[in-house]
Amino acid sequence: MGKLTNLEFLDRQEITNLLFEYCSALDCMDLPRLSALFTTDCEVDYGPDPILQSRGAADLEKSLERMWRWSRTSHHLSNVQIKFCSENEAIGCSYVYAWHERPDGTIATILGQYHDRFIRGLAGWRIAKRCMVMNGCNADFTVNINRLERVTPPVDWVPPDMDAQT
Amino acid sequence: MGKLTNLEFLDRQEITNLLFEYCSALDCMDLPRLSALFTTDCEVDYGPDPILQSRGAADLEKSLERMWRWSRTSHHLSNVQIKFCSENEAIGCSYVYAWHERPDGTIATILGQYHDRFIRGLAGWRIAKRCMVMNGCNADFTVNINRLERVTPPVDWVPPDMDAQT
Amino acid sequence: MGKLTNLEFLDRQEITNLLFEYCSALDCMDLPRLSALFTTDCEVDYGPDPILQSRGAADLEKSLERMWRWSRTSHHLSNVQIKFCSENEAIGCSYVYAWHERPDGTIATILGQYHDRFIRGLAGWRIAKRCMVMNGCNADFTVNINRLERVTPPVDWVPPDMDAQT
């Protein structure tokens, strides 16, 4: 990573703000505000099921109406990492703790990551591509999100003796 | 949002630090350290019940003694958004994952937001106004926090057929 | 805290990135990538049990193989506070929501803090010392992590009458 200029600090902040605006708009179900954060030709992929994939901001806005099936949600974003590919293009990875409540009061939680591509147009930075990956979820969440790949242990790995510690 | 100067980067960082200090002081129950983060005439509103509202830093410090009824807490702050109104005034919104453990070992969690007004005085930035809003909570949390408003679905909205996916 | 220069902004960002890389490498179980974030002579202390303490990056890498006993993990880092002691040395505190899933599907969560010392060497910033402290955990987590100290209530403190509010 080269030395950062003031401009890069500002870009980083604007992109981070996009990520937070996404959460805020989603939790209010303000879908027009949400879709305006994406490029008009964006590609969004939450999982292998076609219902979880969108092409274009208008399609995304329509598709996310499915979130009304939750009575409430809360998307907590952290671990924001951004890397600039050029002056007008960047990639990013962030963690999300996504809490969802059903009308019956039961709760489903995803521990996930957003893998994004950002592009700067005339109106500022937008999300051009988003792929969600799932580190984990509680037992009660059943949507098939893309799974995070993990390095496997060496074949001779032996679990440590941690008593009742697990 | 206009172009940021170095000064604004620094202000942003000092305000963000205030937010983190609040969590840290609260989780240690160091209430004098916590109340020093607020203006002496601050207004703090966690919910509609008067017991959840404070006027002034001294009143807030006294009021938050109620948090000793929890055996432990952990306040994880994210999604920090700050907007400057003038050189010495800013507003902010941040998300909090607030975990509380009772002496009997049961746990209550709030998924919330802090909506703040910050003012810079001679001694630096302070929180002048805080309103907490709740996106959600686990079934076991019963304090009546201000509820986040959400856009409602169109009258003709039909839940998607997501099978067992919910 | 004195006025920040551009250099300090960049250092702050590089250190924050170290913290996020740790989470990302751990959740992928990419232990060589993880240990490269530490100084070769680092001291890492997750708890009083010797199995939770490491001396040196190689030892840490070996020791963290124990994390393969979880089927999946997700480490959400927030509340990042960094203070520079000198041009090449800093201390930091950050909060972690650490989610762990066992092969049987049960989940253990820690609400913790990392207390770190960072040193800048020829290759950039590294973690020289890490002590993990636990604010709390769910009932199902049994590893003995260092416990966060909390101020105790005054001897004459009386719990507030919060009815069914707990």
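In what follows, every chain begins at residue 1, and chains take the letters A, B, ... in the order their sequences are listed.
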Query - Toward chain C, the part of A/V96 with a non-hydrogen atom under 4.5 Å - result: backbone
Query - Residue part contacting chain A, namely of C/W99, when any heavy atom lies under 4.5 Å - result: side chain
Query raised in the report: Which residues pass the salt bridge (Lys or Arg N to Asp or Glu O under 4.0 Å) test with C/E43, sequence neighbours left out?
Result: none
Report task. Name the region of A/L111, side chain, backbone, both or neither, that has any atom closer than 4.5 Å to a heavy atom of chain C. Result -> both
Requested in this report: Scan side-chain atoms only and decide if A/T73 and A/D27 contain a donor-acceptor pair under the 3.5 Å cut-off.
Outcome: yes
Requested in this report: Report yes or no: does A/N79 contribute a side-chain atom to a donor-acceptor pair with the main-chain N or O of A/Y95 at less than 3.5 Å?
Outcome: no
Query - Proximal component of C/H100, with respect to chain A [non-hydrogen, under 4.5 Å] - result: neither
Query - Structural part of A/P153 lying under 4.5 Å from a heavy atom of chain C - result: both
Query - Ion pair check, A/E89 and A/R120, cut-off under 4.0 Å - result: no
Query raised in the report: Regarding C/R126 and the six-membered ring of C/F38, is the cationic atom NZ or CZ under 6.0 Å from the ring centre and inside 45° of its axis?
Result: no
